[in-house]
Protein chains: 2
Amino acid sequence: MANATSIRRFILGLLARQPMSGYDIKRFLKSMSWLIDSPSFGSLYPALHSLLEGDLVTVEVIPRQDKPSRKIYSITETGKRALREWMEQPIASGASLKAFLMRLILASNLSHAGLLVHLRQRRAEVAIHHRTLQEVAGAMDAGTDLGERLAFDYVLTMATVELDWLDRVLDQLSQSRSSVEAT
Amino acid sequence: MANATSIRRFILGLLARQPMSGYDIKRFLKSMSWLIDSPSFGSLYPALHSLLEGDLVTVEVIPRQDKPSRKIYSITETGKRALREWMEQPIASGASLKAFLMRLILASNLSHAGLLVHLRQRRAEVAIHHRTLQEVAGAMDAGTDLGERLAFDYVLTMATVELDWLDRVLDQLSQSRSSVEAT
DNA sequence: AAGCGCATGTAAAAGGTTACATGATTAC
DNA sequence: GTAATCATGTAACCTTTTACATGCGCTT
């Protein structure tokens, strides 16, 4: 997959909001555990080191006596460019729900236009999925396994609701932007 | 996580329905790609080899001239026991949606009671999640990032719908079983 | 005195994907 | 004649988790 949202990228996106230490990031992610389960330190710190190597972030070391130094990471211009480039290219089709939500959070921070693009793209994908499901529905007969029928009904229900949600949100966001521009 | 649904286990569950070759499994999984993305051969064949090593499955080799032999895998008694034990212990909380759906498919094949247990357990978890979300809602103020508010609204909407869906399905399944028992 | 929060990190293992290797048969 | 489907597998790589290592300060 050319384009999954790895924690490396997500961390870069978070650092675009404000400089943070590894522990800060962990705490922030933990506070949003209702959304995405936060990565472990075993992936968090190496991810920061790798961003540092690529010059996508810089670090300011704040030494403290008898304790490990705090290390505050900030995004660089190179990092901002990389982030923008990544956000501009469409998310891989079939990407996970988690990837969609992660990107939703990052997108709102970059530009209103980018946010709309992201939501519209999601809408297009869910619509395709929805159509696929309806084709599958035709191929299902009474002999189909109960579990499969249930799973199918579940997925179809969720896809339908998600389409409604996306339409509603897109409507609201388009209107609010128009009114802002009219001001 | 003590209990994620790895492909290894899912394959074992599929073989409990009927003996299949690796390619058969791949084809079956592909036909359900609307549900779960099918594993690659690079994980499928090693998974089968490892099941074989643990005596959870046996293989019947059907040689064909000038072609790779077909290898039909069947679940053993040991395998059935392992599967039942695994299905009996509750799914890890915070398990992925994919894990829930995979198990849903397998559960329907084992026993009606097991299916109900699985769905009720899911209901309990989604209910907890739903409550958590309402607490988070209280902690959100107007200053909360737009993306986070949207992601929150998305997750809350979906959780609400899922609860409704689970209630509806549980209701139907309980009734249908009662009527069968009354016969 | 025990445990949690702070704060950083490393090493091993798990679990997967992608790309490669091989080769016949069938469909367009 | 070119591509897809059938059919098996291996090796290198990627990402992430789990468990370990260290140690201070605060609360119960």
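Predicted, not measured: the structure shown is a model, and the values here were computed from it. Naming: A, B, ... by sequence-line order, numbering from 1 per chain.
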Note to self: Can you see if the side chain of B:K30 gets near the phosphate of D:dT5 - specifically, an N or O under 4.0 Å from OP1 or OP2?
What the structure shows: no

Note to self: Please give me every residue in residues 45-60 of chain B whose heavy atoms get under 4.0 Å of an atom in DNA chain D, ordered by residue number.
What the structure shows: B:Y45, B:H49

Next item on the list: Using whole Å, report how far NZ of B:K71 lies from P of D:dT8.
Entry: 8 Å

Next item on the list: Could you work out which one of C:dT17, D:dT18, C:dG9 sits closest to the side chain of A:Y73?
Entry: C:dG9

Next item on the list: Could you please spell out the steps behind the side-chain contact (heavy atoms from CB on, under 4.5 Å) verdict for B:Y154 and A:V169?
Entry: CA-CA 10 Å; B:Y154 178 97; A:V169 168; over 6 Å; no

Check: Can we say A:R70 and A:D24 salt-bridge, meaning some charged N sits less than 4.0 Å from an Asp/Glu carboxylate O?
Finding: yes

Item checked: From C:dA7, D:dT8, D:dA7, nucleotide with atom closest to A:R64 side chain -> C:dA7

Next item on the list: With the side chain of A:F41 defined as its heavy atoms from C-beta on, choose the nearest nucleotide among D:dT17, C:dG9, D:dA7.
Entry: C:dG9

Next item on the list: Verify the distance criterion only: is there a donor paired with an acceptor across the side chains of A:R64 and A:S69 at less than 3.5 Å?
Entry: no

Check: Can any side-chain N or O of A:R103 pair as donor or acceptor with the backbone N or O of A:H118 at less than 3.5 Å?
Finding: no

Note to self: Can you measure B:R9 atom CZ to C:dG15 atom C1' for me and round it to whole angstrom units?
What the structure shows: 12 Å

Check: Is the closest basic N to carboxylate O distance between A:E125 and A:R122 below 4.0 Å?
Finding: no

Margin query: Below the 4.0 Å mark, does D:dT16 have OP1 or OP2 next to a side-chain nitrogen or oxygen of A:S43?
Written below: no

Checklist line | Interatomic distance, B:I7 CD1 vs C:dA14 P [rounded to whole Å] | finding: 15 Å

Check: Expressed in angstrom and rounded to an integer, what is the separation of A:L44 atom CG from C:dC6 atom P?
Finding: 14 Å

Margin query: Rounding to an integer number of Å, can you tell me how far A:R70 CZ sits from C:dG9 C1'?
Written below: 16 Å

Next item on the list: On DNA chain C, check which nucleotide each of A:G42 and B:R8 is closest to and give me the residue with the more 5' one.
Entry: A:G42

Check: Between B:R17 and A:E148, is there a side-chain N and carboxylate O pair less than 4.0 Å apart?
Finding: yes

Notebook entry, point to check: What heavy-atom pair brings A:V57 and A:L52 nearest, and what distance separates the two atoms?
Noted result: O-CD1, 3.3 Å

Next item on the list: Test the A:R123-A:W165 pair against the cation-pi criterion, namely NZ or CZ under 6.0 angstrom from the six-membered ring centroid and within 45° of the ring axis.
Entry: no

Notebook entry, point to check: In whole Å, what is the span from the CG atom of A:L29 to the C1' atom of D:dT17?
Noted result: 15 Å

Next item on the list: May I ask you to decide whether B:R168 forms a salt bridge with B:D171, counting only side-chain N to carboxylate O separations under 4.0 Å?
Entry: no

Next item on the list: Taking only heavy atoms on the protein side, list every residue of residues 20-28 of chain B lying under 4.0 Å from any atom of DNA chain D, sorted numerically.
Entry: B:S21, B:G22, B:Y23, B:R27

